[in-house]
Amino acid sequence: MTEYDIAVIGGGPGGYVAALDAGMRGANVVLIEKDRRLGGTCLLRGCIPSKTMVRTAELLSEMRHAGDFGIQGTAEPDWAGIVARKDKVVDGLSKGVVDLCKARKVTRLQGTGRLLTPNSILVQGNAEFGGMALTVRAKSIILATGSATILGTEVPGGDSPRVITSDQILDADLTMGAIPTLPKSMVIIGGGIVGMEFASIFAAYGTKVTAVITSPRVLRNVDEEIARRFAQLLKAAGVEVLLKSNVQEFRDRGDHLDVVIQTEGSAEPRVVSSEYALYAKGRKPYTDGLGLDTVGVRTERGYVPTDSYMRTNVAGIYAIGDIVPGHMLAHVASYEGEVAVDHILEHPREADYRAVPDCIFTIPEIASVGLTEALAKEKGIEVRVTKFPFAALGRAQAIGEPHGLVKLVCDPGTRTILGMQVMGAHASDIIAEGTVAVQQGVTADDLAHTMHAHPTMPEAVQETAIAQLFGTPLHVNTPTRVAR
């Protein structure tokens, strides 16, 4: 029996990146994935397919305002075409991961993995072995099984086929079966990232969207000012937002759903009729059947705690990605996979979470890194916040995207950059500058004195840095000025 240097359970952005990294460095690696394709939630039914749908939504929004740019014509969404493009992009990228695994000599096994010992895994359902079980041995094991969507079955009537999850909208194996045509109406339950991204998407497609949100505001983990501005734009796009509200029941009427909604302060519940309800109330770590108890891997609320090298409490077993407490983000999983491999191959480095960029692909985009003003206050950290509106930015005006801003959070004494928040076009790209700044301890002076190309969106970052120095951005007429 072959004994591998590293066995990875899970072929998502944490697992396959760990396998590729180890393979590139000469380790003998086996990658175990139950899905017929590699890529995990991010590539197959998350980040990538949803971003193809966002791009279609952005194009539709732009084309509906084509007259503002001197272009005549109309545009209508084609659901079958939208789905086909989504599937084409996903399929191409997934095949690319398979090719990379072959190039890095990573052995791929299709099947579910269950720990037998700290150095052995039972792989079941392996297609290459006719569905027979196979035992794999490895010196080190990386657990990268990711997370699963929380289902609407916790609500009465939630087992209706008209109550769907993001998986059913995005997964190529499920999409057309779950939603054969573009919905005319949809209730979205959840005011977090997934819920708000889909609210933006389907509103742009022309679907009547009602968002049911438990908290007092949308995107409760986002900077409050930015979340408030986004909520205004969401309403302007035609989305009805019901705050401090909960779904009490789903009533399947055959050709539609009646969604019973109770809003705080209302005497009677409200019934909203809709073709579908998207249940987007978060995700949970996927560790069922992994055999953690068998080998003594400690868990907390379903998560697998690790140290800064991604080691679990059992020697030789590592955990990364969504099953680890913290950030449920694809790029964090990839980073943690590399940290785990570094330790296994005796080049240890500790995971550093000071600068974790967080991007939300709503319309417009929202991105953040480091401290927000509210988080700094909660931690008792004194900060100075400056901002610059896209309305005063030449590039934003030229592309017709004036709704947005950049906020810079700095130490008031040293002007070291502690955080950055962005809302607007290309926010997910702009935040890269803030991520480097936070990670490297860059100061506002450094950014203010760094040449930024004109006309570009990142000029807004330089303007917020200038405001840290002088009390006002260069291109906003405000009276307050301070010495350099």
Side-chain angles (χ1 to χ4, degrees), residues 46-69 71 74-79 81-83 85-86 89 166 169-170 182-213 217-223 225-241 278 280 357-368 389-391 393 395-407 421-431 457 460:
C47 315
I48 299 303
S50 64
K51 280 8 150 223
T52 66
M53 294 180 72
V54 167
R55 182 55 188 147
T56 299
E58 290 171 338
L59 282 172
L60 280 167
S61 298
E62 291 171 7
M63 293 171 76
R64 286 173 183 143
H65 293 92
D68 297 339
F69 295 83
I71 300 172
T74 59
E76 295 298 329
D78 170 18
W79 181 244
I82 292 168
V83 171
R85 179 176 181 271
K86 166 184 72 68
V89 170
S166 57
I169 293 176
L170 299 174
L182 181 63
K184 293 183 173 62
S185 56
M186 179 179 289
V187 172
I188 295 177
I189 300 97
I193 294 172
V194 175
M196 293 302 93
E197 285 187 354
F198 278 109
S200 289
I201 289 169
F202 280 101
Y205 290 176
T207 301
K208 169 56 183 170
V209 176
T210 302
V212 182
I213 300 168
R217 66 179 177 94
V218 302
L219 299 172
R220 59 186 177 85
N221 293 323
V222 169
D223 174 83
E225 179 185 6
I226 286 178
R228 184 175 65 251
R229 290 190 180 208
F230 171 72
Q232 293 169 349
L233 294 173
L234 196 64
K235 291 178 182 179
V239 176
E240 183 181 13
V241 179
L278 169 61
D358 196 353
C359 301
I360 306 173
F361 293 86
T362 45
I363 302 176
E365 293 179 358
I366 297 170
S368 178
F390 279 8
L393 188 65
R395 176 66 171 168
Q397 289 287 350
I399 65 175
E401 297 286 354
H403 303 292
L405 77 161
V406 172
K407 298 183 74 171
Q421 295 82 47
V422 188
M423 183 184 80
H426 304 289
S428 59
D429 301 317
I430 296 169
I431 203 62
M457 301 301 286

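Owing to the predicted nature of the structure, the values given are computational and were not obtained by experimental measurement.
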Criterion side-chain contact (heavy atoms from CB on, under 4.5 Å) on Phe230 and Val222, from CA distance to verdict
CA-CA 10 Å; Phe230 171 72; Val222 169; over 6 Å; no
Heavy-atom pair of closest approach, residues Leu278 and Ser166:
CD1-N, 3.6 Å
Rounded to the nearest 0.5 angstrom, the CD1-CG distance for Ile48 and Leu170 is 11.0 Å
Approximate separation, where rounding is to 0.5 Å, of Ile360 CD1 and Met423 CE
11.5 Å
State the CG-CD1 distance between Asp223 and Ile366, to the nearest 0.5 angstrom.
9.5 Å
Please work out whether the ring planes of Trp79 and Phe202 are parallel, tilted or perpendicular, with thresholds of 30° and 60°.
tilted
Evaluate side-chain contact (heavy atoms from CB on, under 4.5 Å) for Lys208 paired with Glu240, printing each intermediate quantity in order.
CA-CA 8 Å; Lys208 169 56 183 170; Glu240 183 181 13; 3.8 Å; yes
Between the NE2 atom in His403 and the CD1 atom in Ile363, the distance rounded to the nearest 0.5 Å is 12.5 Å
All N/O donor-acceptor pairs, side-chain side in residues 59-68, below 3.5 Å, sequence neighbours left out:
unit_1: Ser61; atom_1: OG; unit_2: Ala57; atom_2: O; d: 3.0
unit_1: Arg64; atom_1: NH1; unit_2: Ala204; atom_2: O; d: 2.2
unit_1: Arg64; atom_1: NH2; unit_2: Ala204; atom_2: O; d: 3.1
unit_1: His65; atom_1: ND1; unit_2: Ser61; atom_2: O; d: 2.8

Which residues satisfy the side chain to side chain donor-acceptor pair (under 3.5 Å) test with Gln397, sequence neighbours excluded?
none
Taking only residues two or more places apart in sequence or in another chain, which ones pass side chain to side chain donor-acceptor pair (under 3.5 Å) with Arg229?
Glu225
Partner residues of Lys51 under the salt bridge (charged side-chain N to carboxylate O under 4.0 Å, His left out) criterion, sequence neighbours left out:
Glu197
Which pair of heavy atoms, one from Ala199 and one from Val239, lies closest together, and at what distance?
O-CG2, 4.0 Å
Between Phe198 and Val209, does a side-chain contact (heavy atoms from CB on, under 4.5 Å) hold up when you go through it step by step?
CA-CA 9 Å; Phe198 278 109; Val209 176; over 6 Å; no
Measure the spacing between CD of Gln421 and CG of Leu405 and express it to the nearest 0.5 Å.
9.0 Å
Heavy-atom pair with the smallest gap, counting every atom of Leu233 and Pro364:
CD1-CD, 3.6 Å
How would you list, by chain and number, every residue that makes a side chain to side chain donor-acceptor pair (under 3.5 Å) with Arg55, sequence neighbours excluded?
Glu58
Could you go step by step and tell me if Phe390 and Met457 meet the side-chain contact (heavy atoms from CB on, under 4.5 Å) rule?
CA-CA 8 Å; Phe390 279 8; Met457 301 301 286; 3.4 Å; yes
Looking at every heavy atom in both Gly191 and Ile213, which two are closest together, and how far apart are they?
CA-CG1, 3.6 Å
Could you grab the distance from atom OG1 of Thr362 to atom CG of Leu219, nearest 0.5 Å is fine?
6.5 Å
Under the rule for side chain to side chain donor-acceptor pair (under 3.5 Å), what residues qualify as partners of Ser428, not counting sequence neighbours?
Glu365
Answer yes or no: are there more than 12 heavy-atom neighbours, outside Arg217 itself, under 6.0 Å from its atom CZ?
yes
For the pair Tyr205 (side chain) and Met53 (backbone), establish whether a donor and an acceptor sit closer than 3.5 Å, ignoring hydrogens and angles.
yes
